[in-house]
Structure formats: structure tokens, C-alpha cells
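Let me begin by presenting the structure, written as C-alpha cells, before commenting on it.
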Amino acid sequence: QVQLVESGGGLVQAGGSLRLSCSASGSIFSMNVMGWYRQAPGKERELVALITTGGLTTYAASVKGRFTVSRDNAKNTVSLQMNNLKPEDTAVYYCNANVRTTQWAESHERWGQGTLVTVSS
């Protein structure tokens with residue numbers, strides 16, 4: 001059983017910063033890709049940022065230059081530093097990881113429970 005637990009959400013004024021963290025625990029052999037998605041009220045879940053084990057990153061166009069994703073492979077954690085936040089960044093943010101539990105197992109997608117980020121104007 002693999003669990004992803006997020007922390008760091010909250011209320012912030014526009015232009016402010018927040019840092020989200022996600023810790024993975026359980027039977028983990030590898031997590032090739034970790035990252036963050038978000039879902040705003042009435043909208044579909046969307047990609048925010050991804051990072052591979054080797055440090056390659058992908059960002060949504062709407063957050064590029066403002067958000068930075070990072071990970072600690074030894075600690076099985078992924079973080080999202082969010083700067084210059086805008087009201088349209090308001091959403092529930094979900095941690096995501098493609099987890100392989102053994103060397104021979106297929107990878108499976110895992111999700112955290114989500115953490116709410118609210119940006120006031």
C-alpha cells in the first residue's frame with residue numbers, strides 16, 4: 001500500500017507565495033515521475049508540474065516562471081514552490097506519482113487526498 005500525503009495549502013493574498021509538500025510512504029521501489037495537478041471549482045483536473053527521477057521538469061504554461069517543482073529521491077518527497085500567486089491559482093492541489101512497488105511490477109498511478117490553495121484578490 002502506497003500513500004501520498006500533501007501539506008502546505010492555505011489562504012494567501014495575490015502576489016504571495018506558498019510551498020506544497022508531498023510525502024510518499026509504503027512499499028515503494030521507484031517513482032519515475034512525481035508531480036502536481038489541480039482542480040478548480042467546476043473545472044477538470046489539470047496538470048501543474050511534473051518531475052522525473054533525473055530532474056527533468058514539465059510545467060503548465062499558466063504557471064511557468066512562477067512555480068518550481070522539486071523532489072528528494074532519497075526521502076520520496078516532491079514539493080511545489082508557488083510564487084506570485086494569482087486568484088486563478090485557487091484550486092485543490094493533488095500530489096501524483098507513478099509508483100512501482102518492486103523491480104518487476106508495473107507502475108501504477110497514485111494520488112494524494114488534495115490540499116486547498118485559496119488566493120484572494
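Of all the heavy atoms in L85 and M82, the pair that sits closest is CD2-CB, 3.8 Å. In terms of heavy atoms, T101 sits closest to S27 at CG2-O, 3.2 Å.
With sequence neighbours excluded, the residues satisfying side-chain contact (heavy atoms from CB on, under 4.5 Å) with S23 are T77. Applying the side-chain hydrogen bond (donor to acceptor under 3.5 Å, both in side chains) test to S62 and every residue at least two apart in sequence or in another chain returns R38. Not counting sequence neighbours, the partners of S17 by the side-chain contact (heavy atoms from CB on, under 4.5 Å) test are Q81, N83. The side-chain hydrogen bond (donor to acceptor under 3.5 Å, both in side chains) check on E109 picks up N96, with sequence neighbours excluded. Under the ring-ring contact (aromatic ring centres under 6.0 Å, His included) criterion, Y37 pairs with W111, not counting sequence neighbours.
Expressed to the nearest 0.5 Å, how far CD1 of I28 lies from CD of Q3 amounts to 10.0 Å.
Within the structure, salt bridge (Lys or Arg N to Asp or Glu O under 4.0 Å) contacts touching residues 61-83 (residues at least two apart or in different chains) are R66-D89. Here disulfide (SG to SG under 2.5 Å) pairs that include residues 4-104, with residues two or more places apart or in two chains, are C22-C95. The salt bridge (Lys or Arg N to Asp or Glu O under 4.0 Å) pairs that include a residue from residues 17-26 number zero, where partners must be two or more places apart or lie in different chains. Among pairs with a residue in residues 63-98, none fulfils ring pair (Phe, Tyr, Trp, His ring centres under 6.0 Å), at least two apart in sequence or across chains.
Cluster annotation: V63 is connected to L80 through the hydrophobic network of ILVMFWY side chains, with a link wherever side-chain heavy atoms come within less than 4.5 Å. Cluster membership for V92 and L50, using ILVMFWY side-chain heavy atoms within less than 4.5 angstrom, is shared.
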For residues 113-121, which side-chain N or O atoms pair as donor and acceptor with protein atoms under 3.5 Å away, sequence neighbours left out?
{"residue": "Q113", "atom": "NE2", "partner": "E6", "partner atom": "OE1", "Å": "3.3"}
{"residue": "T115", "atom": "OG1", "partner": "G9", "partner atom": "N", "Å": "3.3"}

Listing, residues 52-59 side-chain donor-acceptor contacts under 3.5 Å, not counting sequence neighbours, or none:
{"residue": "T52", "atom": "OG1", "partner": "G54", "partner atom": "N", "Å": "3.3"}
{"residue": "T52", "atom": "OG1", "partner": "G55", "partner atom": "N", "Å": "3.3"}
{"residue": "T52", "atom": "OG1", "partner": "L56", "partner atom": "N", "Å": "3.0"}
{"residue": "T53", "atom": "OG1", "partner": "M31", "partner atom": "O", "Å": "3.3"}
{"residue": "T53", "atom": "OG1", "partner": "N32", "partner atom": "O", "Å": "3.3"}
{"residue": "Y59", "atom": "OH", "partner": "V69", "partner atom": "N", "Å": "2.9"}

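Looking at V2 and R110, their side chains come closer than 4.5 Å, going by heavy atoms from C-beta outward. Residues I51 and V78 have side chains in contact (heavy-atom distance under 4.5 Å, counting atoms from C-beta outward).
Here L4 sits alone; no ILVMFWY side chain lies under 4.5 Å from its own, so it joins no hydrophobic cluster.
More than 12 heavy atoms of other residues, nucleotides or ligands lie within 6.0 Å of CD in E46, so this atom counts as buried by the packing criterion.
Formation of a donor-acceptor pair under 3.5 Å by the R100 side chain with backbone atoms of A105 is found in this model.
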